Each structure stands twice: as structure tokens, then as C-alpha cells.
Amino acid sequence: MLEARQLETKLASLYKAGKIVGGVYLGKGQEAVSASLGGCLEWGRDIFAPLIRDQGGRSAFGEPIIDCTRTYLGSAEGPMRGRDGNIHRGRPTSGLPAMISHLGASVSVVSGMLLARRIKGELDGVVGATSIGDGGTSTGAFHEGLNAAAVEKLPLVVAVANNQFAYSTPNERQFACDDLLDRARGYGVEGHDVDGTDFLACLRTMAEAVDRARQGRGPQMVVARLLRLSGHGEHDDASYVPETVRSGPYGRDCMDIAAAQMVESGYADETEIESWREAVTDEVQRALATAQREPDPNPWDERWEARSTNLLTVTDP
Amino acid sequence: MLEARQLETKLASLYKAGKIVGGVYLGKGQEAVSASLGGCLEWGRDIFAPLIRDQGGRSAFGEPIIDCTRTYLGSAEGPMRGRDGNIHRGRPTSGLPAMISHLGASVSVVSGMLLARRIKGELDGVVGATSIGDGGTSTGAFHEGLNAAAVEKLPLVVAVANNQFAYSTPNERQFACDDLLDRARGYGVEGHDVDGTDFLACLRTMAEAVDRARQGRGPQMVVARLLRLSGHGEHDDASYVPETVRSGPYGRDCMDIAAAQMVESGYADETEIESWREAVTDEVQRALATAQREPDPNPWDERWEARSTNLLTVTDP
Amino acid sequence: MSVAYVDAIREAQDHLLREDPRVFLYGQDISHFGGAFKATKGLAEAYPGRVLDSPISEDSMIGMAVGAALEGMRPIVEMQFADFSSIAFNQIVNQAGTHFYRTGVPVPLTVRLPSGGTPGSGPFHSQSMEAIYSHYPGLVVVTPATVADAYHMLIQAVSVDDPVIYCEHKFLYRWLKSSGIEGDGLPLGAARITRPGKHATIVTYSAMVHEAVRAADRMQEEGGWEIEVVDLRTVKPLDMDTVLASVARTGRLLALGEAFPWGGVTAEVVSRVSSEGFHLLDAPPKRFNSRDTPVPYHPKLWAAHRPTPETICLAMRELLSY
Amino acid sequence: MSVAYVDAIREAQDHLLREDPRVFLYGQDISHFGGAFKATKGLAEAYPGRVLDSPISEDSMIGMAVGAALEGMRPIVEMQFADFSSIAFNQIVNQAGTHFYRTGVPVPLTVRLPSGGTPGSGPFHSQSMEAIYSHYPGLVVVTPATVADAYHMLIQAVSVDDPVIYCEHKFLYRWLKSSGIEGDGLPLGAARITRPGKHATIVTYSAMVHEAVRAADRMQEEGGWEIEVVDLRTVKPLDMDTVLASVARTGRLLALGEAFPWGGVTAEVVSRVSSEGFHLLDAPPKRFNSRDTPVPYHPKLWAAHRPTPETICLAMRELLSY
Ligand SMILES: Cc1ncc(C[n+]2csc(CCOP(=O)(O)OP(=O)(O)O)c2C)c(N)n1
Ligand SMILES: Cc1ncc(C[n+]2csc(CCOP(=O)(O)OP(=O)(O)O)c2C)c(N)n1
Ligand SMILES: [Mg+2]
Ligand SMILES: [Mg+2]
């Protein structure tokens, strides 16, 4: 969570300095939701398909930070080798699929991974999770994916980060229900509501949802109410978010709340948190430095092949 | 409704006699739902986008019966001139769009028609309606269309004929919610439940839903519980429907119930109903005879043009 | 014993389910009902838990298959009709098609598309979508025209690590029969000389192979013309070696297809032969496709919409008279 | 005054909204935000109730437009990126594309597709989808390459009774500027000779017109070669008269495009020229496209993925040396 915020702050300044092309997409203000989901999942066992604002969840799940810096900087050594960028990265054979841009499309992919585990007899105790925004719930892919997962009663957790806007579009132009949580029942899945700025509440709710999925109660839908504290991408100043909303309860920074909650609960004190911050700053600095030193992809060496197979060698097995 | 049943019975025997190619799709058992919806709408003012099992609704709305026979028999004089067949017909400039096969796709088309009326200032008192099956609710198109209509608060009525099966697929492989009605709230639309075999109940419920839409209360979703009393098409014997379901409450024939209800309420007596039956049989017979006498489309005269415009004549207006 | 084309597809899936625990089937009405065309009949009973009915959700059907492939499975997805794969277009081209290039991890899945026209099927149950999927990178697109190919190419398709779009022709389902499924051992990406000849080459695929052979037979009877028919079998990638070798022998090319005329397989074939084998051509290469309208419902319009032996012969006569 | 390509698109929509009460705009973030590329900036304020934000629902966006067109409106739908129109593929080709043929009632709607590659945009914000929509019957597909065309062709597109896919190139949005939007009066379906020449013809469209002109300029400097550049402007239908007349003058053809290489515009152009103008060709016709992989993210890979003036010159030298 701290890592995510530090990392993304750095990426934002690199973008502004012209060192990153194509865009930088931040999860500022959404770290609590994302990290608490990622933190409830176990690398090597569970599945997590992050979306745009999930640096928090990626880090908490166990994605090496270097994957992020390498992908943003287009390093040839990164998991995407410069072929794809920024948030479109993953380790698909380690339970971390690489998202495509089309919103909603990951819901069915995670479901298919879970279905495969079931057929292989390896589903026991496994959970698959993915994120979506308020806007993403309007896609047919979200609907088809969640419905199909519910039919198969898969251990899927869908975290809806309702940050009130989809790019510039406010909720009242996106859906007409009182609360996105009302959708859960229509899919026959369990629904959970949480204040996305409240770190402890997020932890509790995500743990509950992930647990229930693990216990075989079928898909879980968590709706977190919050605000993104940045633009859609770093090119966007989010001036469409009214001042009243910014200064309202959703405008609170979950990082501040989390720090206060830790101190209050005696989990950590100010100095500890400060030392974490420093450690993380260091780690981020190192990951960036490493990626920056690495070579760009070399177009002359590039294998321009979108398929892995030479078909003329394929005969009956 | 009577007309629909008679007509479709005739079409089924023509199909079996090899006189109709491509398939015949019946609404047997669904006439009450469909006709009561169509009957609440006014030709020339309202909009009705029928789906597969809507002969009842088409007739009640005012589609001339000859459109049906001509289209099934491929007459060159029909509204589709042999270019499209069976249920894929319409009079799109008279509020009766011609469906494509892809389920769910009509929801947004009707919404667009209503939106256009609003922009033109001609929406007052207008309702647009369309049908869908239990299976069709799983499509992304249904979801996107209904959600968008709800956002625009359009006077749309979506009648879901939950006939327990989508082709052979039973509801438990199609969705996991207890009742499709539970979806209404998730879209922020009003929901209505009705026993689709009960003609009077259908009339009341459809009238209520259409009225509410007309009054500006936004989209209405009616879920009718029933069974189709035929195969998906006449090539299908529906042997996947268990005997227990057939002999259960959904297996009742809405036509018998409607007749009994009319007699009971004193609206008509047996002889009157019998005379309607005869009149309708006559009318169906005539429409079939006319269409059968008409020429097939002539491939030599056919204009193989999918566009209406010669582009080389298009300059700035 | 006589095996129909659709039976070969069923047998191949039976074989795959039996031999390979990674294989499972997913699609609408494919379990106990056996599928709209009975291509999976009896398989749900024989392989419990591995033949699954899906909701009417083509987008999620392919998303599920991609996910399952990532986990080491070999899903086969049946679209009820090729035409409905338009709903899955995004997942096919953007999720499945891009995956190997982006991540280095291939997604082995097979999508069965019941394709092509039959009388009375109309605009939405008749489409041939091979051009759409071939245009996008990352997919293999196959179009078997024979009973044996229907069988062997499906087995080979599932063995490939990449996503394969398997276009099976509905017209051939029951009409095309063979005494068995014995194949000739051709690998997946190879074209076949179906009928040798020397005066002209027809390059085609899927059901049109049979129309081309009929036309070639007529041309033989009519004027002793010996027309070579090349069955592409795989339309992406194209076996240009076989195509160019044939054109080198005959000097004349007709590219024939049932799909819509703008772009597509015939454009790709003619343009590649013109570029790569210009000097081999003794006459302008010809193309012949269906018409540029939706596929009409009425059997008389349908028959005039697509190439037939009669109209193929017309095109051949023009080609030979140059 | 200098007008950028994207401003011309905005101006055209302003003009259309002002002059024609049937026109309205529908798309994601297009109202007060003015659209992801600001192509609708200020229009929501100027035309209240006629510039509507849609949910993230590409399928229903097109369904809505078809419905509105049936009721006599002239909707313009903005896709946020062409790539996302994959979700609307079914409604575009099967609902809009088939409507006139099936019913005799045309559906006048315009879909704006922000298309093509820019550095760093990657596989899902860079696609050129004109081939996909051209393959299906019933659609007009246009690809303006100049500021004036961006303006006039959008106005003409909206005046057409048929569905028009308007592919606007994102690379040109701000990079391409002109002193005004004055056009040359060409009708919608006509190609333009952008640069006259006599030694070879490059047939291309959209942003590649500018790369072709650059390559032609170099060839001129380098060896005095006079290369003719034909801008197709409309890719469906194709203005073959202009193309064939040019090839008749030069005897040599390079078909150039930014889209994926299998099928598509260049295949259609080469195959039609080969069929219809075989005797005009003095050398094998050539094709040049982007590579057969997803569009890569890294600017260095991206630059090697698509044709550039350097690589176009390589192709031209080969063509001229035959
Ligand atoms: C199918 C699809 N259409 C359009 C887009 C373009 N797009 C990217 S992000 C975005 C807004 C997403 O809003 P939301 O889902 O609420 O997530 P948030 O950005 O608020 O986290 C849009 C429209 C897309 N990625 N996918
Ligand atoms: C998008 C799409 N996928 C598949 C089909 C093929 N299909 C036609 S009818 C049908 C079953 C429909 O079931 P339901 O919606 O419950 O309607 P019912 O037939 O029961 O009236 C299917 C799968 C289709 N028409 N559209
Ligand atoms: Mg949002
Ligand atoms: Mg049903």
C-alpha cells in the first residue's frame, strides 16, 4: 500500500518529466481497497486479475515491484518486454493474468482459471479475485462473466471500486440503481458494502468475502465507496470532480486513515510507519534505477510472431 | 392470441409438410404474456420489438397477419421480400423493428427509438416494449441495453418470458439468482412478477407496467413464469423438459385458461369463443392462401445492394 | 460404415476427451442435448463434468476458455452458430489473439464455428467469418472440407498451443459422407491438391471445394479442360508454397470463396499470388465470392448469392479464354 | 488561423448540430468533458440535450444509434478508441449493416473510430479496424487523411442514408494542421491524387498518405523518381477508376496500409488491380502493411511495426528495380 503510493508518485513525476510514454494510471485513494484484497490472497495458490487502479493489490499479492517499473519504462527485461506497457502486465502462469484494456473482460478469464482448477481437482481452498470500476459494471463482459461464474458457483471475488466517476462520467450517467450492491442479488451472489477510505473496514470486508468464497459459498461482490484522488491518468486533472465531492467523506485519503488506524490500534507507531516509508522509498528507487539501466527492446532482434507454433510441423499427436 | 395459436399451428403443419424452409418458431403457451403486452400498446404511437415467441404480441399490436405468412413462405411481396424469413420481420418505420437473431440486441434498439422521440419532443405518452427469454438475459446486450435505458429513464417495458429453458438449457445452468425479478432493482427499474399461464393476470400486469412507463416512471421489467408448450423450433421435440415440469403448474395451456376466464367473467360465452375461432381460422387460411399464390423472389431481378446510396454523388449538402 | 462430416467432429471430440485429460467442452446446449447439430451427442454422459452447458454469453464463453487455457487446459468452445461469435469478437481477437505476443504465454484453445450457408438459414445463421479472425494477429484459422480433415484437423487444432478458429461448414454436416476418417497425414498448415489439373487452378476451401470439383468435372466433360483444385485447409497461415506451385503449373488462377467479397481469403490469395508469383500468371487472376449483401433467406436468392458450379464454370471459361 | 485535424472534426460536428436538428452525439465522456480527445469540446453547452454521455456499453451505444436512426435521427457515436468498437461489432455489422438489405429501410448513423497507432499506445489503443467493417456488407467505411477531408467527409458521412464508419487517425489529431478547412469538392466515394507522378503509384489512406508522400519526396531527391500517391479516402467502396487510371499511367503499384497484413485494404486493392488491370502492370504489384502482431507499446518497437518513410522507400526501390 505504502509501496504502491510511493511507486505511483514516482511514476507520476517520471511521466511529467517525459520519461514515460503512453500514460500513467494511478490508484491514488484506492490503495486501501486494492491492497486489502491483494493481501487476502496467497501468491502461488490464489488468482488475482488486477485492473487499472490496483498497484496496491499487486504489491500486496506479491507482484515484484520491478515488474511495474520495467513495464512502465519499457525495459526489454520486463515481463512484457516492451510489447505492452504500464498496467497491462502480469505473470499469467503464476495466477496474475495480464489485463487487456477492454473493461470487464477479466471477470470471465479468472472464472475460466477457477473452472480449470475445478476440472483438474485443484480448486480446494483456492480463490480468484478481480477488480472493476463503477463504469466497468456497465459492460456486457462484466455481466456475462459474473453470471457465468455464479452459475458455476466459482470462488470468485469481484471488487467494485465505486469511485463515483468513470473517467469524467458521474454515476448518475452510468447506472440508475440506488447502490451497485443491489446487483449482487440479481446474480445470486453475496454482496458486501464497505467504505473504501477506511483501511480497517476494507481489511475486514475483503477478508470476509475471500473467506466466504474459499468456503465454497460462490462468487462474492464487494462494493467499495470512495473517490480516486487523481485523474483517470496523469494527463487528466479530474476537474470534473466537484469541490463538494472532493471535500466530502469520499475525498479522505485512505493512506492517512490507515496510518492513524495503525497508530490507534497500537499496531505500529509513527516512527515505525516513517521507517517503512523510507524502506519503501528505497526499494522503489532501486527498482526504478534498475529498470532505467536496462536496455530498450531491440526492434532488429524482435521476433514478430504472434503465434508460438509452426503449423507445418503439426500432425496427429 | 387466438389468431397466433391458429396461425402457428398452421405454420407447424406446413413446416412438417416441407412447405417452409429454415424453421418455424412457435410461441405456444406464451400467447397470454405476449398478446397482453402487444394489446397494451397502440399501433402508430407505441413501439414493439418482438422476439422469437411473439406472434401473440404481433397480432395484438396490429401487425397484419399477411406479413407473417408472406415472410414464412418467402413471398416477394412480403415486408422482407424473401431476404429474411420467419420471425425476422418487421415494419421498422411503423414502430415494429425487425429483429436480428442475436438475443438481447433489441433492447438498445427500442431504447434508441425512444431516445429519438425524446430529442424530437415526441415522447409524450409513448411506450416502447420488447421481449426476451430467460436465456436472453445472460447476454451482454440485454445488460447494456437495459442499463442504458434506465440511465435515460426511458419508457421501456421489457417482458421476460421465463419459460424455464433456453433451448435445452434449464434455468439452473443459465443463472443463479432465485428469481430473475431480483435483477430489476440492480438496474434501478421497477419489477413485476406474473404467472404467465394466467391470461387475466397477464393483462393486469402488463397494463400496469405499460401504464407506469407511460407515466414517466422509467423502464419496467415484467417477469412471467411459464413454459413453452412446443420445441424451440418445430425441429425440436423438447424431450429435455421433464414430465414433472410439463405436468406442473407451468404446463397449463394459457389458451384454455383464457377461454375459461372469459366465460367465467361473463366477457364471452363458449359459442362466441367458438365463432372467434372460426373467424380466425378463416383469416389465417386466407392469409396463407394469398401468400402461397404470390411469386417467389426472382434472383435475376434482385438488387444485390446492401447500401442505399451511390457514394459518388455525395457532396457537401 | 459411413461417416458424416458432423460425426467426424463428434468422433474427434470423443477421441480428444478420451486421450487428453486437459480437454473439456463448453458451449450452449452441448451437454445432454448434444448441441444444436448433435456434434457432442453422448459426450456429456461419457465424460461427466467435462462437457458443460454455458449460459447464452459468447463473450464470457471465450474469456472462460482463455482462463482455462492459462491453467493448462485445452478447452473446445462450441458457438451455436459462427454468426454468434460476433459477440465474442473482442475476447477472441483481443484476449486470445494477443496473449502470446504480449506475454510469451500461449493460450491453447479451439473455437468451433458452425459456418456457412444452407437454404433458408438467412442473414444470421449463414455467415463465414474466417476473414475476420484471420485479419487479426495471433490466431490460426482452419476450414476443413472433407470428413477426414474434419476429424484430423480438429485433433491437430487442439494439439496446437495457439488459439485455433475451427470453421466447420454446416452444409457439409450431414450431406458429406465418407467411408471412414482415414487421413493422408497432411500437417495442419498444409494445403492439398484435391484434384490435379494443368489448365487452371482453383484455390478454395471449405464447402466450396466441392463446388469447385463439380465445376472442374463439368469443364472436363465440356471441353477437356483439366482444372486443378487446391483446398487451402488452413486459411491463416496460408500455404503459399502449394498455391504458387500449382499456379506455376497452370498459369491461371481463380480464387473462390463463399464469404463476402470485400477482402477476405480470396483477396489475400490473389494479392499474394500476384505479388509473389506475378511471372507465373498467363492471365489476370480472378476472384469469385458470394455477393456483397447479407446472406438471403429464400433458397432461390441464396443459390444466386453464392458461387455454384454453373457460375464457377462461367468464371472459368472467362479465365481460360484470356 | 491554423486548424488541426481534430479541430476539424469538432467543427464539423458543430456545423452538423447547428444545421441539422436530426443530429445528436452519443459516446463516453463526450458531453461536458468534451471527449477523450476533445473532439466534442463545448458542444454539450452549445446544444443542450443533444450531446449525451453514454455508459461504458459499446454494444448498446450502437443499438441506440440504430433505433434513433429508424426514427429519423442522424446519430454520431464516438467510440473512445476504435479498439473498443470490438464490443459493438455485432450491432455494427449485424444490426446496422444488414438493415437496409433486409427491410429496405436505411439506418443513417455515423460511428467515429479514433484509429491507428501513436507511440506508447500499445495493443489496445492503436488498432485500425477498417478491414473488419469493410468485409461485411452494408457499411460505408471512410478514412480521411487531411484536415479538410476530416471536416467535409464527416459532414458528407452524416448526409448519407447508410451507416458510415468514420475512421479518424489519432496520430493526425494535433500533428496535422492546415490553414483552413476549405475542401476540393470531391464526393465521398472518390479517391484523390495527392501527389502526381509517373514511375510508380502508391495507393494508401489515412495517416499513411503522409508517410507515402514523405517517401515519394525522398525518392524524388534520391533518384528523380516521380511517385504518384493516391489517397483512397473511402475504403469501402473503393474508387477503382482512380486507382486503375493511376496504375495505367505508372505501370507499378504499391498498396500501403497501417493495418494488420492478412487481408484488408491492401489485399483488396492489389487483388482488384491484378484482376481488373493486369495488363496495366509492368511489375508485380507490391503490398506493405504493419506486421502480423499486436501493435507494440514501446516506441522503438512501434516504429518498426508500421511502415515508415525509410521502409516504404525500400519497398519502392524493389518495385522500381523490377
Ligand atoms: C470496453 C471499454 N470501453 C471504454 C474504455 C475506455 N476507458 C478506460 S478507463 C474508462 C473509465 C473507467 O471507469 P471505471 O470503470 O469507473 O474505473 P475508474 O477509472 O473510475 O477506476 C474508460 C471509459 C475501456 N477501457 N473499455
Ligand atoms: C447471442 C445469441 N447466442 C445464441 C443464440 C442461439 N439461440 C437462439 S434461441 C436460443 C435459446 C433462447 O432461450 P431463451 O432466451 O430462454 O428464449 P426461449 O427460446 O426459451 O423463448 C439460443 C441459444 C442466439 N440467438 N443469440
Ligand atoms: Mg470509476
Ligand atoms: Mg427460455
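Numbers restart at 1 for each chain; the letters A, B, ... are given by sequence-line order, proteins then strands. Every value quoted in this text rests on a predicted model; they were computed, and no experiment measured them.
- Looking at B:Ile100, the atoms closer than 4.5 Å to chain C (heavy atoms on both sides) sit in the backbone and in the side chain alike.
- If you take OG on B:Ser101 and CZ on C:Phe81, they are separated by 8.5 Å, rounding to the nearest 0.5 Å.
- Under the 4.5 Å side-chain criterion, counting only non-hydrogen atoms from C-beta, C:Trp302 is not in contact with B:Val21.
- Atom OG of residue B:Ser138 and atom CG of residue C:Asp59 lie 12.5 Å apart, to the nearest 0.5 angstrom.
- Of the listed residues (B:His232, B:Glu305, B:His102), the one with the most heavy-atom contacts under 4.5 Å to chain C is B:His102.
- Heavy-atom contacts from other residues, nucleotides or ligands closer than 6.0 Å to CZ of C:Arg214 number more than 12.
- In terms of heavy atoms, C:Leu301 sits closest to B:Pro299 at CD2-CA, 4.0 Å.
- B:Tyr72 touches chain C through its backbone: at least one of N, CA, C or O sits under 4.5 Å from a heavy atom, while the side chain does not.
- The most heavy-atom pairs under 4.5 Å with chain B, out of C:Pro296, C:Pro299, C:Ser121, come from C:Pro296.
- Enclosure of atom NZ in C:Lys38 by more than 12 non-hydrogen atoms of other residues, nucleotides or ligands within 6.0 angstrom is indicated.
- Residue B:Arg83 holds its CZ atom at 15.5 Å from OH of C:Tyr297, rounded to the nearest 0.5 Å.
- For a residue to count as touching a neighbouring chain, one of its non-hydrogen atoms must lie under 4.5 Å from one of that chain's; by this rule B:His235 does not touch chain C.
- Ranking B:Asp84, B:Thr139, B:Leu73, B:Asn86 against chain C, the residue ahead of the rest is B:Asp84, based on heavy-atom pairs under 4.5 Å.
- With chain B as partner, the option from C:Thr118, C:Asp83, C:Val295 having the largest number of non-hydrogen pairs under 4.5 angstrom is C:Asp83.
- Heavy-atom distances place both the backbone and the side chain of C:His305 under 4.5 Å from chain B.
- To the nearest 0.5 angstrom, B:Arg173 atom CZ is 11.0 Å from C:Asp29 atom CG.
- When C:Ser31, C:Gly122, C:Ser57 are compared by the number of non-hydrogen pairs under 4.5 Å with chain B, C:Ser57 comes out ahead.
- Residue B:Leu103 holds its CG atom at 8.0 Å from CD of C:Glu58, rounded to the nearest 0.5 Å.
- Using a 4.5 Å cut-off between heavy atoms, B:Thr137 makes no contact with chain C at all.
- Considering only heavy atoms from C-beta on, C:Phe33 stays 4.5 Å or farther from B:Thr169 through its side chain.
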Yes or no on side-chain contact (heavy atoms from CB on, under 4.5 Å) for B:Asn298 and C:Lys300, after CA distance, side-chain angles and deciding distance?
CA-CA 7 Å; B:Asn298 180 345; C:Lys300 286 191 185 165; over 6 Å; no
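- Across all non-hydrogen atoms, the minimal contact from B:Gln174 to C:Ile56 is OE1-N, 2.9 Å.
- Checked against the 6.0 Å centroid threshold, B:Tyr240 and C:His32 do not count as a close aromatic pair.
- Contact annotation for C:Ser86: only side-chain heavy atoms (C-beta onward) come within less than 4.5 Å of a heavy atom of chain B.
- When heavy atoms are compared at a cutoff of 4.5 Å, B:Glu302 approaches chain C solely by way of its side chain, counted from C-beta outward.
- C:Phe124 approaches B:His88 most closely through the heavy-atom pair CD1-CD2, 4.1 Å.
- Taking CZ of B:Arg307 as the start and OG1 of C:Thr293 as the end, the distance is 11.5 Å to the nearest 0.5 Å.
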